[in-house]
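Worksheet for the structure shown next.
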Amino acid sequence: DTNMASVVAVVVCVCVGISTQVAGEQQGNVVRRENLGSFFNVRDFGAVGDGVHDDTAAFVAAAMEASNTSGTVYIPPVTIGQGYVLTGTISLSAGVKLLGENAGTPAVPHCYAPPGDLSTTGGSRIFARMATARSPLFSITQGCSVRGLYIFYDTMPFPTDNEFNNKSSKYYYPSPQEAVQKFINDHVPEIGPTFYIENGVRVFIEDVIGAAFKDFIYYARNGHGQGAIRNVQGWGYGRFVTVEEAEDVLSFDNIRFIINAAPYCLGSISPQTCAHQHNVERCRGNFTIIPAIVASSNQNVGIWLGRADGYRLTGSFFFGVNTAIRLGYSSDNSWTQLINPVTGEPAETLTPANGPWGSVSQVMVDQAQLGVHFVWPNPLTNRFVDFQLHPSFWNPIMPESIAFANASKGTGVLHNVGREAAVFFESSHTVVNNKNLIPTTMFSNFVVASFNDTSNFGMAGSTIGQSNGRAFIFAGDGGIIDVTGFAMNNERNGKTNLWAAGNDSFVSMRISNPILNYAFSD
C-alpha cells in the first residue's frame, strides 16, 4: 500500500531524528546534544548537582551558548536533598531565560535551621557559595526571565541561643544587646545580591524561593520597568527586593518575605517537646537572639523602592522584618541611605519630587518595626487598600531608635517618641524636596495592631505603647493624608498612641470611620 509506506517512512525519519538528538556527541565529561535549538541543559555542559561538585563553569558555558539565540538555560531537578553548587557570577545576556522546576518548601521541624529539612524536597535547587565579596549570583539584563528555582546560601551562619551564650563559641557575646549591635558585621559576609538587574526593561522573575541571602533582588539604575516579580518567597538577613531606579511601572505580586528562620523555628521549645515531635538530632536549640538581631537591623527591608515611576504591590505578606515597605532614599542616616550591594557605593542622589508613586493592595505586615517608611516625596499619589500592619519591634540600644527627643505635636507623651510605627515619614520627606508641591497619601480599610512577641523575638519585641511609638509618626512632611476605614487594636491607650510630629512638620490628616479598640485607660 503506497499510503502505508509513506506513513512508515515518516515514522522512521522522526525516530531517527529523536535518536540523533538524545545520543549527541561525547566530549570528555561534556555531552553536546545537537539540534536542540535554543534550549540548553546545564547537565549537558558538565553540571552535576550533587551539592559537592562546583557547577559554576557549566552554568557559565550554558549561558554563553544561550546568548547566541536568546535561548533558555534549563536547570533540571536534582536528587532530593542535593543541589547545584555555584561559587561565581552567572551573566545572562539580553533575552536569555533561566528555567528550573519548582522545589517546593522543605519541611521544617522545630528548632531546625533555615530553610528546613532539605531531604524532603528536590526540584531545581542551587547552593550559593560565593567565592568573591559583593559578586552577584546572577547578573541579568533586559528581556530576561527566571522561573522555578530554590536558592540557598547554605554556608551563612545561623547560631542558636546556646551558641550566643557559650563562651567557647565563636558566636559568643557577653549580652544579647551586644549581639544585636555586632553580629551582622562580625559574621555575615559581604556577599552580593542573588539577582542583580541592570538595564532591566521587561525582566520577569517568578516562582523562586531564596534562603539566608544578604540581598535577593536588586535593580540598579538605568531603564528598568515594564517587568514583574511574582510568587517569590524568601528568608534573609537584609533586603528582599530593592529598586534603585525604575523609569516605568513595575509589578510585584504574591511576595512573601519573613524573618531569617523557617516557620516554627522561632522562639523557645523544650528538649522534651522537640524529642517527642521530631528526631532529637534535628533539634539544634532555641532561636530568639538571631530573630531579634535581624528584626533590629534597619537594612532588613521587604521591598525598598528608590525611584519608581509607577509601581503596584499586591497580595503580599511580610513577617518579622524591620521595615516592610520603604519608599525613596536619602543620605540623611543609616536607615535611609541606599548602598549598592555590588559596588558598595551610595545610590545617586534623588532629584526633588522623584520618589516612588503607585499602589499597594491586599498586603499584610505581621510584626515589623516600621510598616511603611516614606523617605522621599513625589507629587503623585501613593495609595494603600486593604492593608494590615502590626508594629511589634523596637531597638532601645540603638541611638536612632528615638524618633524625637521632644515631639511638639500629636497625642500621648511627646518626649522620647520611639521609632516604632505603622507609618513613618522621614525628615527628608518634605514639601521642599517635592518642588513645593504637597504630597498625598491615601489609605482605605487600614488596620493597625501592635504586639509584643518576646517569646519569639527576644529583646526586640515591643508594642507601640511600650516604646512610646505611634500609628503615624511625622519626622518630615506627611502632606495630605486621607484614611477611610481605620481600626487600631491591642493598645490600651489607642488615642494616646495615634500620632506624633515635629514642630516643623506639615501634615493634614483626616481619618474617617475610626475604630479604636481599648481606646481608654483602665
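A quick note: this is a predicted structure, and the numbers were derived from the prediction, not measured. If you read the sequence from its start, that first residue is 1, and numbering goes on from there. Reckoned from all heavy atoms, side chains included, excluding hydrogens, waters and symmetry mates.
- Aromatic pair Tyr219/Phe252: ring centres not closer than 6.0 Å.
- In this structure, Phe59 has its ring center closer than 6.0 angstrom to the ring center of Tyr84.
- Asp477 places no side-chain N or O within donor-acceptor distance of the main-chain N or O of Gly479, the cut-off being under 3.5 Å.
- Listed here is the closest heavy atom pair of Ala295 and Gln369: O-OE1, 4.3 Å.
- For Asp55, the salt bridge (charged side-chain N to carboxylate O under 4.0 Å, His left out) test picks out no residue, with sequence neighbours left out.
- Both tests do not hold together for Arg307 against Trp376: distance to the six-membered ring centre under 6.0 Å, angle to the ring axis within 45°.
- Aromatic ring pairs are classed by plane angle as parallel below 30°, tilted from 30° to 60° and perpendicular above 60°; the pair Phe213 and Phe257 is parallel.
- Residues Met156 and Val188 have side chains in contact (heavy-atom distance under 4.5 Å, counting atoms from C-beta outward).
- Atom CD1 of Ile191 and atom OG1 of Thr194 lie 7.0 Å apart (nearest 0.5 Å).
- Taking every heavy atom of both residues into account, Ala179 and Ile289 meet most closely at CB-CG2, 4.1 Å.
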Donor-acceptor contacts, no H, no angles, side chain residues 342-351, under 3.5 Å, sequence neighbours left out:
| unit_1 | atom_1 | unit_2 | atom_2 | d |
| --- | --- | --- | --- | --- |
| Thr343 | OG1 | Glu345 | N | 3.1 |
| Thr351 | OG1 | Asn354 | ND2 | 3.0 |

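- Without hydrogens or angle criteria, Thr441 side chain to Ile481 main chain gives no donor-acceptor distance under 3.5 Å.
- Checked options Asp309, Thr440, Asn382; the residue passing with Trp357 is Asp309 (criterion: side-chain hydrogen bond (donor to acceptor under 3.5 Å, both in side chains)).
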Report task. Mind running side chain to side chain donor-acceptor pair (under 3.5 Å) on Ser408 and Asn406 for me, showing each step along the way? Result -> CA-CA 6 Å; Ser408 58; Asn406 190 13; over 6 Å; no
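- Rounding to the nearest 0.5 angstrom, the gap separating the CD atom in Glu245 from the CG atom in Leu305 is 12.5 Å.
- Using a cutoff of 4.0 Å between basic side-chain nitrogens and carboxylate oxygens, Asp207 and Arg230 are not scored as salt-bridged.
- Residues Arg326 and Asn322 share a closest heavy-atom pair of NH2-OD1, 4.3 Å.
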Requested in this report: Could you please spell out the steps behind the side-chain contact (heavy atoms from CB on, under 4.5 Å) verdict for Ile126 and Phe138?
Outcome: CA-CA 12 Å; Ile126 291 172; Phe138 294 102; 3.8 Å; yes
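- With Thr381 contributing its side chain and Arg383 its backbone, the two residues share no donor-acceptor pair below 3.5 Å.
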Query raised in the report: Asp332 and Gln337: side chain to side chain donor-acceptor pair (under 3.5 Å), yes or no, with the steps?
Result: CA-CA 7 Å; Asp332 286 5; Gln337 186 171 51; over 6 Å; no
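- At distances below 3.5 Å, at least one donor-acceptor pair connects side-chain atoms of Ser505 with backbone N or O atoms of Gly476.
- In this structure, Arg256 has no salt bridge (charged side-chain N to carboxylate O under 4.0 Å, His left out) partners at least two apart in sequence or on a different chain.
- Listed by first then second residue, pairs satisfying side-chain hydrogen bond (donor to acceptor under 3.5 Å, both in side chains) with a partner in residues 291-306 read Asn298-Ser334, not counting sequence neighbours.
- Annotation: ring pair (Phe, Tyr, Trp, His ring centres under 6.0 Å) contacts of Phe317 (sequence neighbours excluded): none.
- Aromatic ring centres of Phe183 and Phe164 lie closer together than 6.0 Å.
- Gln362 contributes atom CD, which lies 10.0 Å from atom OG of Ser316 (distance to the nearest 0.5 angstrom).
- Between Ile229 atom CD1 and Asn254 atom CG the span is 12.5 Å, to the nearest 0.5 Å.
- Not counting sequence neighbours, the partners of Phe387 by the ring pair (Phe, Tyr, Trp, His ring centres under 6.0 Å) test are Phe384, Phe446.
- Residues Asp453 and Asn456 have side chains that bring a donor and an acceptor to within less than 3.5 angstrom of each other.
- Under the ring pair (Phe, Tyr, Trp, His ring centres under 6.0 Å) criterion, Tyr153 pairs with no residue, sequence neighbours left out.
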Query - Worked verdict on Phe457 versus Phe319 for ring pair (Phe, Tyr, Trp, His ring centres under 6.0 Å) - result: CA-CA 12 Å; Phe457 293 94; Phe319 170 66; 5.8 Å; yes
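- Shown here is Met509, whose CE atom has more than 12 heavy atoms of other residues, nucleotides or ligands within 6.0 Å.
- The aromatic rings of Phe158 and Phe287 lie tilted to each other, with the angle between the two planes from 30° to 60°.
- Ring centers of Phe443 and Phe486: at least 6.0 Å apart, outside the cut-off.
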Query - Candidate pair Thr87 and Asp54, rule side chain to side chain donor-acceptor pair (under 3.5 Å), full reasoning - result: CA-CA 7 Å; Thr87 59; Asp54 190 339; 2.8 Å; yes
Query raised in the report: Hey, mind stepping through Val232 and Phe240 against side-chain contact (heavy atoms from CB on, under 4.5 Å) and telling me if it holds?
Result: CA-CA 10 Å; Val232 176; Phe240 192 35; 3.5 Å; yes
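- The two residues Ser428 and Val375 come nearest to each other via the heavy atoms OG-O, 2.6 Å.
- The shortest non-hydrogen separation linking Leu137 to Ala128 is CD2-CB, 4.1 Å.
- The closest donor-acceptor contact from the side chain of Thr242 to the backbone of Arg239 lies at 3.5 Å or more, if one exists at all.
- Ser392 approaches Gln367 most closely through the heavy-atom pair OG-CG, 3.6 Å.
- Legend: ring pair (Phe, Tyr, Trp, His ring centres under 6.0 Å) pairs involving residues 397-435, not counting sequence neighbours, sorted by first then second residue: His373-Phe424, Phe374-Phe425, Phe374-His429, Phe425-His429, Phe425-Phe474.
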Query raised in the report: What's the verdict on side-chain contact (heavy atoms from CB on, under 4.5 Å) for Ile464 and Arg470, showing C-alpha distance, side-chain angles and the deciding distance?
Result: CA-CA 6 Å; Ile464 56 176; Arg470 299 291 190 275; 5.8 Å; no
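- With sequence neighbours excluded, the residues satisfying salt bridge (charged side-chain N to carboxylate O under 4.0 Å, His left out) with Arg134 are Glu190.
- Not counting sequence neighbours, Ala133 has no partner by the side-chain contact (heavy atoms from CB on, under 4.5 Å) test.
- Evaluation of the side-chain contact (heavy atoms from CB on, under 4.5 Å) rule for Ser169 yields Glu163, Asn166, Tyr171 as partners, not counting sequence neighbours.
- Remark: Lys182 engages Glu178 in a salt bridge (charged side-chain N to carboxylate O under 4.0 Å, His left out) (not counting sequence neighbours).
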Report task. Could you give me the CA-CA distance, side-chain angles and deciding distance for Asp161 and Thr288, then say whether side chain to side chain donor-acceptor pair (under 3.5 Å) is met? Result -> CA-CA 7 Å; Asp161 289 358; Thr288 60; 2.6 Å; yes
Report task. Just do the side-chain contact (heavy atoms from CB on, under 4.5 Å) check on Met459 and Asn395 with the steps written out, would you? Result -> CA-CA 8 Å; Met459 58 167 287; Asn395 188 354; 4.3 Å; yes
